[in-house]
Amino acid sequence: MMEKNAKIYVAGHRGMVGSAIVRELQRQGYTNIITRTHKELNLTRQDQVEAFFAAEKPEYVFLAAAKVGGIVANQNALADFMYDNMVLEMNAIHAAWQNGCKKLEFLGSSCIYPRMAPQPMKESCLLTSELEKTNEAYALAKISGLKYCEFLNRQYGTDYISVMPTNLYGPNDNYHPTHSHVLPALIRRFHEAKVSGAESVTCWGDGSPLREFLYVDDLANLCVFLMNNYSGNETVNAGTGKELSIRELTELVAKVVGYTGEIRWDSSKPNGTPRKLLDVSKATALGWTYKTELEDGIRLAYEDFLHNPMRAER
Ligand SMILES: NC(=O)c1ccc[n+]([C@@H]2O[C@H](COP(=O)([O-])OP(=O)(O)OC[C@H]3O[C@@H](n4cnc5c(N)ncnc54)[C@H](OP(=O)(O)O)[C@@H]3O)[C@@H](O)[C@H]2O)c1
């Protein structure tokens with residue numbers, strides 16, 4: 001259990017996940033949270049990372065910093081996604097261990113699982129067959145991070161864990177027109193279509209892929225819960241265990257945003273993996289479950305989009 005005054009470093013605290021973890025820690029009464037912006041501490045720079053950990057010696061680390069993006073960003077910058085993420089992870093995890101960090105939690109993503117993994121995907125399907133090509137570079141970097149935690153545990157007896165969230169959304173999401181994930185991208189597109197009075201909105205693919213979405217504050221609650229209640233080499237899936245089609249999601253976002261025009265589908269654009277649903281029985285068995293239903297979460301995310309223009313312009 002983390003003491004309420006334990007020194008806790010949240011890496012990536014201005015991101016969607018990191019900011020939610022800081023909010024959750026504060027809500028639970030943790031008082032000694034340390035943070036650095038990307039500008040103050042570039043985690044891909046080993047010299048900076050070593051100096052920071054040697055000076056601060058955090059007892060606990062939530063590693064929520066990463067170079068993150070949707071399908072287009074991933075495909076256009078394969079090398080950058082692999083290099084930045086792998087180097088950042090190795091630097092931070094290694095320096096944490098070298099400086100006596102008691103427990104570290106590494107944030108990955110469900111894209112680490114094979115493209116054709118049996119659904120819903122269990123933690124044990126990791127590395128059983130080929131990855132989805134569109135985000136292979138990112139997935140390989142994330143697999144390396146979680147494996148490095150496992151190998152430190154096995155070689156040096158550390159207590160480093162990892163969590164693999166499904167698609168996330170909520171406050172501080174990235175609404176960039178080409179570099180965002182599907183749900184924030186839809187919020188932005190439908191909002192702009194509503195404002196401009198557009199007659200139709202064209203979406204990518206045919207709307208058939210099945211996806212799962214978790215509100216980021218629920219993930220943050222799980223992250224703190226796991227830090228206090230879970231140890232083990234195998235990762236823990238974070239999701240709701242519920243899925244819907246991209247077409248259903250699109251209609252839900254249009255409803256929340258108040259867009260009443262036509263929705264069209266451009267099937268010349270890629271769909272991505274046909275179905276992605278996490279098996280969340282491990283988190284459930286540990287005593288955790290999500291709280292925020294999708295429509296309520298989209299409402300909260302849209303409120304944030306409307307009142308957070310800086311983030312929307314990133
Ligand atoms: N978003 C999702 O749907 C989703 C789903 C599953 C898993 N995750 C995981 O959750 C984690 C965080 O994702 P997110 O959505 O919160 O991303 P995000 O909003 O883009 O935040 C990432 C944060 O990391 C920082 N960062 C990136 N490179 C850095 C570097 N070299 N040095 C220091 N800081 C750096 C960024 O700072 P700058 O903005 O200043 O660069 C940003 O604050 C990732 O590991 C991701 O795989 C996210």
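Basis for what follows: all heavy atoms, side chains included, without hydrogens, waters or symmetry-related copies. Atoms within a ligand are numbered from 1 in the order they appear, just like the ligands themselves.
Considering backbone and side-chain N/O of Met16, one or more are found under 3.5 Å from N/O of ligand 1. Taking only nitrogen or oxygen atoms, main chain and side chain alike, Pro165 does not reach within less than 3.5 Å of ligand 1. Every N/O-N/O distance between Leu63 and ligand 1 stays at or above 3.5 Å.
Not close to ligand 1: Asp84, with no non-hydrogen atom less than 4.0 angstrom away. For the ligand labelled ligand 1, residue Phe106 lies outside the 4.0 Å heavy-atom shell. Residue contacts with ligand 1 leave out Arg45, since none of its heavy atoms falls under 4.0 Å from the ligand.
Between Tyr148 and Tyr160, the distance separating the two ring centers is not shorter than 6.0 angstrom.
Considering each of Met164, Arg14, His38, the one bringing a non-hydrogen atom nearest atom 35 (C) of ligand 1 is His38.
With a 4.0 Å heavy-atom cut-off, ligand 1 is reached by the backbone of Ala64 but not by any atom from C-beta on. Using a 4.0 Å cut-off between heavy atoms, Thr37 makes no contact with ligand 1 at all.
Inspection of the Lys122 and Tyr113 side chains reveals no N or O donor paired with an N or O acceptor under 3.5 Å. Side-chain contact annotation: Thr166 with Glu212, donor-acceptor N/O pair under 3.5 Å present.
For the pair Lys67 and Phe81, the distance from NZ or CZ to the six-membered ring centre is under 6.0 Å and the angle to the ring normal is within 45 degrees. Geometric assessment of Lys103 against the ring of Tyr60 yields a negative cation-pi assignment under the 6.0 Å and 45° thresholds.
More than 12 heavy atoms of other shown residues, nucleotides or ligands fall within 6.0 angstrom of atom NZ in Lys4.
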